Asks: 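Dumping the structure here so I can ask a few things about it.
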Amino acid sequence: QVQLVESGGGLVQAGGSLRLSCAASGRSISRYAMAWFRQAPGKGRAFVAALNWSAGNTRYADSVKGRFTISRVNAKNTVYLQMNSLKPEDTAVYYCAADITEYSIIPPTDESSYNYWGQGTQVTVST
């Protein structure tokens, strides 16, 4: 079992920055691809960013490219999402997820590939 706990969400003005953290426990996530998804009010959950076990491959949704950066520190069993130049349309609950396929080269972007999920953290961007 892998437990994931997100933190770092909050209220920020448009143009501001936030850094989300996802702390894993139960087992090491160093061999797994990790991702962030988000769910805006009234919408389904959508892919945001993912990285493979070594952080050598990353993928981003077009809407966040150039503004968001996903990273990981395997020694801390933690994944991060640095969000810059935030927009009101980034308002959502952000979820961290783990894909327990070991040593995958290309991290998946589909929700169904991820086995463990956190409870989410709210990000609200005001105008």
Side-chain angles (χ1 to χ4, degrees):
Q1 288 285 338
V2 176
Q3 292 79 43
L4 302 173
V5 178
E6 301 96 335
S7 62
L11 174 64
V12 64
Q13 286 190 326
S17 298
L18 283 174
R19 188 176 82 153
L20 305 183
S21 299
C22 172
S25 61
R27 71 171 84 154
S28 170
I29 59 169
S30 63
R31 297 161 292 177
Y32 304 152
M34 300 294 295
W36 289 93
F37 289 77
R38 66 186 181 185
Q39 187 166 17
K43 297 187 177 181
R45 197 149 51 183
F47 170 75
V48 175
L51 78 173
N52 75 332
W53 68 277
S54 67
N57 277 303
T58 57
R59 303 176 76 178
Y60 294 94
D62 287 344
S63 58
V64 307
K65 277 180 185 175
R67 301 188 298 123
F68 290 11
T69 303
I70 188 171
S71 61
R72 67 192 302 161
V73 177
N74 284 338
K76 294 186 176 182
N77 229 27
T78 301
V79 177
Y80 303 95
L81 185 69
Q82 178 66 44
M83 305 186 296
N84 298 329
S85 302
L86 282 161
K87 305 175 181 180
E89 51 264 44
D90 294 318
T91 294
V93 177
Y94 283 72
Y95 297 92
C96 173
D99 168 15
I100 62 171
T101 303
E102 294 186 355
Y103 302 119
S104 62
I105 302 300
I106 306 297
T109 61
D110 58 295
E111 203 176 329
S112 62
S113 292
Y114 289 87
N115 311 95
Y116 293 100
W117 295 81
Q119 83 290 347
T121 186
Q122 176 71 46
V123 171
T124 303
V125 184
S126 64
T127 55

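Model, not experiment: these values are computed from the prediction.
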Asks: Look up atom CE in Met34 and atom OG in Ser71, then write down how far apart they are to the nearest 0.5 Å.
Replies: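 Going from CE on Met34 over to OG on Ser71, the span is 11.5 Å.
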
Asks: Are the side chains of Thr69 and Tyr60 in touch, meaning some heavy atoms are under 4.5 Å apart?
Replies: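 Yes, their side chains come closer than 4.5 Å.
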
Asks: Kindly give the heavy-atom pair with the smallest separation between Ile105 and Pro107, and that separation in Å.
Replies: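 Smallest heavy-atom distance, with atoms named: O-CD, 3.7 Å.
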
Asks: When you group the ILVMFWY residues by side-chain heavy-atom contacts below 4.5 Å and let the links chain together, are Leu51 and Tyr95 in the same group?
Replies: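 Not linked; separate clusters.
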
Asks: Would you call Asp90 and Lys87 a salt bridge, taking side-chain N to carboxylate O under 4.0 Å as the test?
Replies: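 Here Asp90 does not pair with Lys87 in a salt bridge, since their nearest N and O are not under 4.0 Å apart.
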
Asks: Indicate the atoms forming the closest heavy-atom contact of Leu86 with Arg67, along with that distance.
Replies: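 So the two residues come closest at CA-NH1, 3.9 Å.
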
Asks: Indicate, with yes or no, if Tyr80 and Leu20 share a hydrophobic cluster defined by side-chain heavy-atom contacts under 4.5 Å among Ile, Leu, Val, Met, Phe, Trp and Tyr.
Replies: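 In one cluster with Leu20: Tyr80, no.
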
Asks: Please find the pair of heavy atoms, one from Tyr114 and one from Ala50, that lie closest to each other, and give the distance.
Replies: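 That would be OH-CB, 3.7 Å.
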
Asks: Can you tell me how the ring of Phe68 sits relative to the ring of Tyr94, calling it parallel under 30°, perpendicular over 60° and tilted otherwise?
Replies: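 Because their plane-to-plane angle lies in the 30° to 60° range, the rings of Phe68 and Tyr94 count as tilted.
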
Asks: Looking at every non-hydrogen atom in both residues, tell me the closest pair between Arg38 and Ala92 and how far apart they are.
Replies: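 Residues Arg38 and Ala92, closest heavy atoms: CB-CB, 3.8 Å.
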
Asks: Can you say whether the rings of Phe37 and Trp117 are parallel (under 30°), tilted (30 to 60°) or perpendicular (over 60°)?
Replies: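 Answer is tilted, since the angle falls between 30° and 60°.
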
Asks: Of all the heavy-atom pairs spanning Ser113 and Asp110, show the shortest one and how long it is.
Replies: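 So the two residues come closest at OG-OD2, 2.7 Å.
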
Asks: Would you list the pairs meeting salt bridge (charged side-chain N to carboxylate O under 4.0 Å, His left out) in which at least one residue belongs to residues 18-36, sequence neighbours left out?
Replies: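 Sorted pair list: Arg31-Glu102.
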
Asks: Between Asp99 and Tyr32, is there a side-chain heavy-atom distance shorter than 4.5 Å?
Replies: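 Side-chain contact under 4.5 Å: no.
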
